There are 2 protein chains.
Amino acid sequence: MIDPHGPVPVYQQVADILAARIASGELAPHRPIPSESAIVQEFGVARGTARRTVAALRERGLVYTVPQRGTYVGQPES
Amino acid sequence: MIDPHGPVPVYQQVADILAARIASGELAPHRPIPSESAIVQEFGVARGTARRTVAALRERGLVYTVPQRGTYVGQPES
DNA sequence: TGGGATTTGTACGTATGTATA
DNA sequence: CTATACATACGTACAAATCCC
């Protein structure tokens with residue numbers, strides 16, 4: 001699932017997987033993506049890596065984060 | 001110098017200090033800012049915090065980073 | 001009113017990899 | 001070959017805000 005020793009950073013690999021779920025509609029607009037803790041558990045990565053993953057998705061404009069609430073698919077709009 | 005318990009995050013405090021040095025000309029365009037290790041030593045912060053400091057300056061458009069080389073004042077242009 | 005669980009934010013420490021000088 | 005410097009990744013801890021009972 002995740003290749004820790006490949007050329008692609010782990011956080012990018014996880015971001016790609018979540019991005020695919022967003023693209024497929026599995027994760028719908030204004031619905032929360034997995035929490036950092038959930039990402040840690042599902043992919044077996046450290047929390048710092050999970051945070052970088054979410055940051056990467058944010059930089060791609062795929063999600064937005066509400067402090068102390070969660071991160072959601074789409075734009076802050078609404 | 002740095003207040004670890006204040007409301008302003010340490011990485012922002014350090015970024016503010018370096019931003020002031022840039023504004024004053026102490027750190028001139030296309031000259032390197034202190035390395036992560038130097039920031040760690042000068043301000044007594046952790047490596048991760050030093051990285052966040054540089055990231056903050058980059059987000060402000062004050063510096064640009066050349067991988068494996070260093071971070072410099074101004075824009076990548078040159 | 002209170003308390004617990006959840007979630008993100010910050011911070012520290014450490015280790016390894018890769019590229020450059 | 002060595003030193004420097006950034007990139008990634010792990011682990012840990014506590015704080016702050018929110019949510020729900």
Side-chain angles (χ1 to χ4, degrees), chain A residues 1-19 21-22 27 30-76 78, chain B residues 1-19 21-22 27 30-76 78:
Chain A
M1 201 182 203
I2 298 295
D3 176 15
H5 300 311
V8 180
V10 173
Y11 76 90
Q12 290 285 5
Q13 293 182 49
V14 179
D16 288 342
I17 292 172
L18 294 183
R21 290 185 189 169
I22 291 172
L27 291 175
H30 301 296
R31 293 292 302 169
I33 68 171
S35 70
E36 293 174 356
S37 297
I39 292 174
V40 166
Q41 296 202 356
E42 175 173 358
F43 299 98
V45 299
R47 184 162 171 229
T49 302
R51 283 185 64 73
R52 296 207 57 157
T53 291
V54 176
L57 292 173
R58 206 157 39 221
E59 286 164 15
R60 296 185 197 179
L62 294 178
V63 303
Y64 61 95
T65 296
V66 181
Q68 273 68 55
R69 288 291 308 281
T71 297
Y72 305 84
V73 177
Q75 269 72 40
S78 127
Chain B
M1 201 182 206
I2 298 294
D3 176 13
H5 300 311
V8 180
V10 172
Y11 76 89
Q12 288 286 6
Q13 293 182 49
V14 178
D16 288 342
I17 292 173
L18 294 183
R21 290 184 190 171
I22 292 172
L27 291 175
H30 302 295
R31 293 294 300 171
I33 68 171
S35 70
E36 293 175 356
S37 296
I39 292 174
V40 166
Q41 296 201 357
E42 174 174 356
F43 299 98
V45 299
R47 176 89 195 283
T49 302
R51 279 185 65 73
R52 296 209 55 159
T53 292
V54 175
L57 291 172
R58 204 156 41 222
E59 286 164 15
R60 296 185 197 179
L62 295 178
V63 304
Y64 61 96
T65 296
V66 181
Q68 274 69 53
R69 288 290 308 280
T71 298
Y72 305 85
V73 177
Q75 268 73 35
S78 117

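A quick note: this is a predicted structure, and the numbers were derived from the prediction, not measured. Hydrogens, waters and symmetry mates are skipped; everything else that's a heavy atom, side chains included, is used. So that the names make sense, note that chain A is the first sequence line, chain B the second, and so on, each numbered from 1.
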* To do: Report yes if a side-chain nitrogen or oxygen of A/R51 is closer than 4.0 Å to either non-bridging phosphate oxygen (OP1 or OP2) of C/dT8; otherwise report no.
  => no
* Could you state the atom-to-atom distance from CZ of A/F43 to C1' of D/dC10 in whole Å? => 18 Å
* Asked: Can you find a heavy atom in the side chain of A/I22 that is under 4.5 Å from one in the side chain of A/V63?
  -> yes
* Intermediate values then yes/no, side chain to side chain contact (heavy atoms under 4.5 Å, CB included), B/I39 and B/V45 -> CA-CA 7 Å; B/I39 292 174; B/V45 299; 4.2 Å; yes
* **Residue pairs, two or more places apart or on separate chains, that pass salt bridge (Lys or Arg N to Asp or Glu O under 4.0 Å) and touch residues 5-14 of chain A** => none
* Whole-Å distance between C/dC12 C1' and B/E36 CD? -> 15 Å
* Please report the C-alpha distance between A/V14 and A/T49 in whole Å, then the side-chain angles of each, then the deciding distance to 0.1 Å, and finally whether the side chain to side chain contact (heavy atoms under 4.5 Å, CB included) criterion is met. => CA-CA 9 Å; A/V14 179; A/T49 302; 5.6 Å; no
* To do: Go through the steps for B/L62 and B/L18 under the test side chain to side chain contact (heavy atoms under 4.5 Å, CB included), then give the verdict.
  => CA-CA 10 Å; B/L62 295 178; B/L18 294 183; over 6 Å; no
* Between atom CD in B/Q12 and atom P in C/dG9, what is the gap in whole Å? -> 13 Å
* **Any A/Y11 side-chain nitrogen or oxygen under 4.0 Å from OP1 or OP2 of D/dA9** => no
* Tell me: CZ of B/R52 to P of D/dC6, nearest whole Å? -> 17 Å
* Asked: Counting any heavy atom closer than 4.0 Å, what does B/S37 reach on the DNA or RNA strands: base, sugar-phosphate only, or nothing?
  -> nothing
* Structure fact -> Residue pairs meeting salt bridge (Lys or Arg N to Asp or Glu O under 4.0 Å), one or both in residues 54-67 of chain B, sequence neighbours left out, come to B/D16-B/R60
* Could you check how far CD1 of A/I39 sits from C1' of D/dC10, rounded to whole Å? => 16 Å
* Contact under 4.0 Å: A/S35 side-chain N or O vs C/dT6 OP1/OP2 -> no
* **Spacing between A/I2 atom CD1 and D/dT8 atom P, to the nearest angstrom** => 15 Å
* **Distance below 4.0 Å between B/T65 side-chain N/O and D/dC6 OP1 or OP2** => no
* Asked: If the sugar-phosphate is the primed atoms plus P, OP1 and OP2 and the base is the rest, what is the B/S/- string for nucleotides 11-21 of chain D, using protein heavy atoms under 4.0 Å?
  -> S-B--BBSS--
* What nucleotide, of D/dT8, D/dC6, D/dC10, holds the atom closest to the side chain of A/T49? -> D/dC10
* Asked: Are A/I17 and A/Q13 side-chain neighbours, meaning at least one heavy-atom pair lies under 4.5 Å?
  -> no
